[in-house]
Amino acid sequence: MVSAPDSTLEAHASEIPDISDIKVDSVGDFTFPERNKYDSGFGITEKTVDFIADVKNDPDWIREFRHKALKVFQEKPMPTHWATKDLENIKFDEFRYYLSDGQKPKRSWDDVPEDVKKTFDRLGIPEQERKFLAGVEAQYDSEAAYSNIKAAVEEQGVIFVNSTEGLHKYPEIFKKWFGKVIPTGDNKFSALNSAVFSGGSFIYVPPGVKVKHPLQAYFRINSEQFGQFERTLIIADEGAEVMYMEGCTAPKFETATLHSAVVELVAMKGAKIQYVTVQNWSSNVFNLVTKRGIAHEDAEVRWIDCNIGSRLTMKYPGVIMKGKRARGEVISIALANSGQHQDTGAKMVHAADETTSNVISKSISIGQGRSTYRGLVHIPKHLKGCKNNTECDALLINSNSRTDTYPAISVRGNQHATQHEASVSQVSAEQIFYLMQRGLTEAEAMSLSVNGFINDLVKEFPMEYSVELKRLIDLEMEGSVG
Amino acid sequence: MSATLATAPKNNPVPVSAATENPAPSGLEITTPVRDEQNSPGWFLARAEAAWAEFQKLPMPGIKDENWRYSSSKKIELADHTPAAAPTTANTSAALAATQGLKERAARFVFVNDVLVESDTANLPAGVVCVTFADALRDHGDVLKQHFMQREMTLGSAKFAALHLAHVKAGVVIIVPKNVAVEKPVEVFHWVVGDHAAIFPHTLVVTGDNAEISVVDHYRSLEGEGGLSIAIADLIGGRGSKITYAACQELADDAQALHLSSIVAERDAAVKSFQVQLGASFSRSESVSDLVGEGSRSDMLSVSLPIGEQIVDQRTLQNHKAPHASSDLLYKNALYGKSRSIFSGLITVDEGAHYTDAYQTCRNLLNSNEAEATSLPGLEINADQVKCSHGATSGPISDEELFYLKARGISDGESRKLIIEGFLAGVIERFGNGELLDTLVARIDEKLERAA
């Protein structure tokens with residue numbers, strides 16, 4: 001089951017202006033090779049933003065939004081006093097900020113790096129699926145399956161389209177929430193995303209509708225492949241329920257080295273949103289993502305997040321509990337191998353009485369990998385009956401592995417309860433010995449122990465994800481011992 | 001509970017009967033330090049000079065500094081203060097009258113405005129050096145040169161440390177030789193008197209192999225408003241030695257206090273340090289434990305009971321540089337009124353510091369709807385054979401506990417007081433001095449009365 005062909009882009013073809021209409025200045029860094037009709041060129045300027053807005057036929061308010069965001073991006077400093085120094089290695093002028101899917105240079109299976117191919121093999125991913133995952137080709141066969149799900153969902157009145165389509169076709173819903181959960185200026189990377197976003201999903205679930213099938217980005221973002229700057233907006237109206245999954249458990253072969261998404265969730269009164277992410281980026285990707293949900297009265301926003309791969313991931317899914325008895329949850333697994341830094345965590349902002357939040361984070365550091373938990377729990381004044389529980393466990397596999405925990409918990413008033421607990425440990429030698437006595441190799445024993453460490457969290461992932469997650473962990477563990 | 005301190009000062013300054021003979025401060029600002037050029041060694045004068053230059057050069061830490069997150073350096077109004085003037089005879093006698101410390105002690109020093117007004121070292125075992133900072137400069141320059149403020153102040157107060165070094169003239173230097181155990185504690189009182197007077201007390205403790213010593217510093221206010229104490233303690237635990245150290249800050253409610261301690265634990269040394277923060281409008285402690293020797297241990301304890309609009313700011317670092325070392329931190333704050341507490345602690349384990357055993361716990365008991373507790377417990381682990389964990393909790397007194405006591409006929413108010421006393425006493429007990437426990441519990445009791 002994978003992707004539909006690029007039907008949405010085709011549908012938009014008529015809306016996309018002819019390239020000859022786009023005014024292009026050959027001065028400056030704004031390159032425009034004839035071969036790539038929808039290539040914004042390297043670097044980011046006002047022209048880049050206009051170019052994207054032209055190609056996407058943006059309504060004026062979005063164009064304006066992009067331009068304002070660009071200013072914010074240019075003015076806003078990098079997070080400096082706490083963030084890793086590796087951020088300084090990002091050369092913003094060396095990226096292309098928009099490369100339309102239809103015009104992407106063809107990539108062949110031969111271009112896929114050996115280690116990625118090998119991983120596909122080891123994961124037992126079918127040939128066709130591999131090619132799709134590697135970005136080599138779309139999978140026409142699964143179009144049927146996708147259409148079926150889409151039809152079933154649409155019957156219930158659910159809107160599930162890409163964000164470009166969303167803003168064109170459903171402006172009255174889109175405009176109301178877009179950029180409201182995460183303002184443009186939230187951080188430098190949310191500003192960047194706001195300036196150049198393309199791709200991503202827009203979902204609206206009408207009141208009372210409980211979507212049975214999980215909706216998957218896997219199928220959805222096809223029109224722009226895996227957007228580097230995707231923008232997702234999900235609204236569950238009163239009493240609605242929806243589960244959304246993005247990414248896939250197979251390694252993402254990504255030529256881009258900067259991925260900066262913005263994801264906004266709105267759970268209206270009594271609604272439930274679960275957002276599942278399993279990402280396995282190739283190790284050259286800076287993965288700098290802003291994700292936040294608003295939970296109104298009695299609503300629940302739940303982030304289930306698994307980060308494997310990438311050079312640097314900075315991602316702290318958050319929930320603003322705005323209505324009484326709202327609930328927020330983050331369940332996360334991070335695995336950092338050599339050359340990788342998983343800087344992940346959770347932000348829980350309690351803004352109404354009797355709101356509860358729960359964070360469970362487990363990380364594994366292998367080789368010289370570094371995993372970091374960064375958390376924020378905020379219970380301001382005048383509230384009562386709020387509760388937070390945070391648990392962070394880190395597992396260190398090798399003597400050079402590294403882990404950090406930096407939570408910040410602010411509580412005001414005497415009617416709340418918060419607790420934070422973190423522990424760091426290694427797989428015990430006794431346990432490995434015990435398993436090896438039963439005929440496992442040291443690597444197998446280590447894998448089994450690591451899988452045991454995250455087992456209770458893996459259960460929270462949908463089944464097909466959890467199976468591949470375990471396999472991915474096995475693969476990452478290889479060569480880490482002995 | 002001990003009645004020892006029944007007449008001791010509350011958190012309000014002790015009134016001095018005679019009108020203060022202090023000259024009015026010439027200008028409310030920290031001025032170029034006056035040094036004892038005659039009796040100070042050249043190296044010290046040079047360092048003090050350099051420190052003054054550094055102080056002037058360094059910017060005031062601000063809210064953007066990671067180490068001042070959630071805090072406010074503006075609470076320390078350096079420009080409002082002058083280094084304390086020499087005490088008057090009335091000051092001295094008032095301070096001495098109010099100085100009622102431990103009955104069981106090896107030595108006692110009383111300073112008023114950084115001037116020694118009394119010392120009693122009669123009960124010290126032979127061979128132990130226990131002298132004022134000024135005397136140590138003269139007679140034990142080599143030890144000072146080796147250990148005095150040799151550690152970088154990494155928790156945010158480098159500017160204040162530089163100011164301290166530029167102005168330091170009072171305090172106690174203790175050198176315990178190899179295999180000597182001083183059974184009873186050395187007690188030191190630092191009184192500050194006069195409007196906006198600043199004191200810079202220093203404590204240096206150096207223990208030889210297998211030596212033992214216990215030291216208690218008290219920081220208190222006599223009369224005058226807005227006193228400031230910028231105190232530093234250097235504790236150097238030699239191989240197999242034991243140091244226990246307590247800093248009890250009970251300055252007046254409108255005073256400000258900074259206490260920076262730097263601990264070094266050599267092989268198999270055990271250093272226990274304890275911060276008591278009961279006074280001052282803004283009280284900040286920075287405690288760094290460097291576990292440099294295998295098998296070393298550091299216990300870091302703290303209690304605070306902020307009321308009104310008091311702010312208690314606590315920064316700690318458990319720095320594991322050697323294998324097989326352990327550290328355990330327990331900080332408890334009971335908050336009332338609109339008070340705030342900030343705890344920011346970090347455990348770092350260097351590469352190769354295997355078999356580290358490190359814990360860190362911060363617990364906040366919130367007793368009013370406007371009190372605010374912020375906890376930033378942190379871990380940075382670079383070695384794998386370790387057991388490290390931290391925990392932080394914030395919450396009110398549990399209803400069950402309260403119900404249990406009330407069901408036994410104890411009033412609501414009394415029950416709450418008992419629970420908070422128990423909550424804080426659990427930390428003080430770990431310090432292991434019964435008399436000090438009684439004294440501090442009595443002081444906490446008094447403060448609880450004020451909070452209620």
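In this text the structure is predicted, and so the values were computed from the model without any measurement. Here is the naming used below: chain letters follow the sequence lines, and residue numbers restart at 1 for every chain. Only heavy atoms go into these numbers, but all of them, side chains included; no hydrogens, no water, no symmetry mates.
Ranked by heavy-atom pairs under 4.5 Å with chain A, the first of B:I347, B:N369, B:N364, B:T348 is B:N369. Among A:S423, A:A429, A:P407, A:A408, the residue making the largest number of heavy-atom pairs under 4.5 Å with chain B is A:P407. By number of non-hydrogen pairs under 4.5 angstrom with chain B, the leading residue of A:L396, A:V427, A:V411, A:L395 is A:V411. The candidate with the highest count of non-hydrogen atom pairs below 4.5 Å against chain A, out of B:G391, B:A392, B:G378, B:S389, is B:A392. Of the listed residues (A:S401, A:S365, A:A417, A:A422), the greatest number of heavy-atom pairs within a distance under 4.5 Å of chain B belongs to A:A422. Ranking B:N382, B:T361, B:I397 against chain A, the residue ahead of the rest is B:N382, based on heavy-atom pairs under 4.5 Å. Counting heavy-atom pairs under 4.5 Å between each of B:G395, B:S394, B:S344 and chain A puts B:S394 at the top.
With a threshold of 4.5 angstrom between heavy atoms, B:R69 approaches chain A through side-chain atoms but not through N, CA, C or O. Only the side chain of B:L346 comes within contact range of chain A, with heavy atoms under 4.5 Å apart. Within the 4.5 angstrom heavy-atom criterion, atoms from both the backbone and the side chain of A:T418 approach chain B. For B:E351, the part lying under 4.5 angstrom from a heavy atom of chain A is the side chain only. When heavy atoms are compared at a cutoff of 4.5 Å, B:S368 approaches chain A solely by way of its backbone atoms N, CA, C and O. With a threshold of 4.5 angstrom between heavy atoms, B:N367 approaches chain A through N, CA, C or O but not through any side-chain atom. Heavy-atom distances place the backbone of B:A371, and not its side chain, under 4.5 Å from chain A. With a 4.5 Å cut-off on non-hydrogen atoms, A:I379 does not touch chain B at all. Residue contact with chain A, scored on non-hydrogen atoms closer than 4.5 Å, involves the side chain of B:Y70 exclusively.
Using a 4.5 Å heavy-atom threshold, the side chains of A:I364 and A:F453 count as touching.
Ion pairing between a basic and an acidic side chain is recognised when a charged N comes within 4.0 Å of a carboxylate O; A:K387 and A:E354 show no such pairing. Salt bridge status for B:R315 with B:D313: present, with a side-chain N to carboxylate O gap under 4.0 Å. Salt-bridge formation is detected for the pair A:R327/A:E329: a Lys NZ or Arg NE/NH1/NH2 atom is positioned less than 4.0 Å from an Asp or Glu carboxylate oxygen. Between A:R370 and A:D343 no salt bridge is recorded (no basic side-chain N to carboxylate O distance below 4.0 Å). Look at A:D186 and A:R292 and you find a salt bridge, because one of the NZ, NE, NH1 or NH2 atoms lies within 4.0 Å of a carboxylate O, short of that distance.
B:W68 contributes a side-chain N or O that, together with a main-chain N or O of B:G156, makes up a donor-acceptor pair within less than 3.5 Å.
Taking the six-membered ring wherever Trp is involved, the centroid distance between the rings of B:H354 and B:H324 does not fall below 6.0 Å.
Between the side chains of B:Q318 and B:Y359, no donor-acceptor pair is found at a separation under 3.5 Å.
Put simply, CD1 on B:I381 and OG1 on A:T403 are 7.5 Å apart, with the number rounded to the nearest 0.5 Å.
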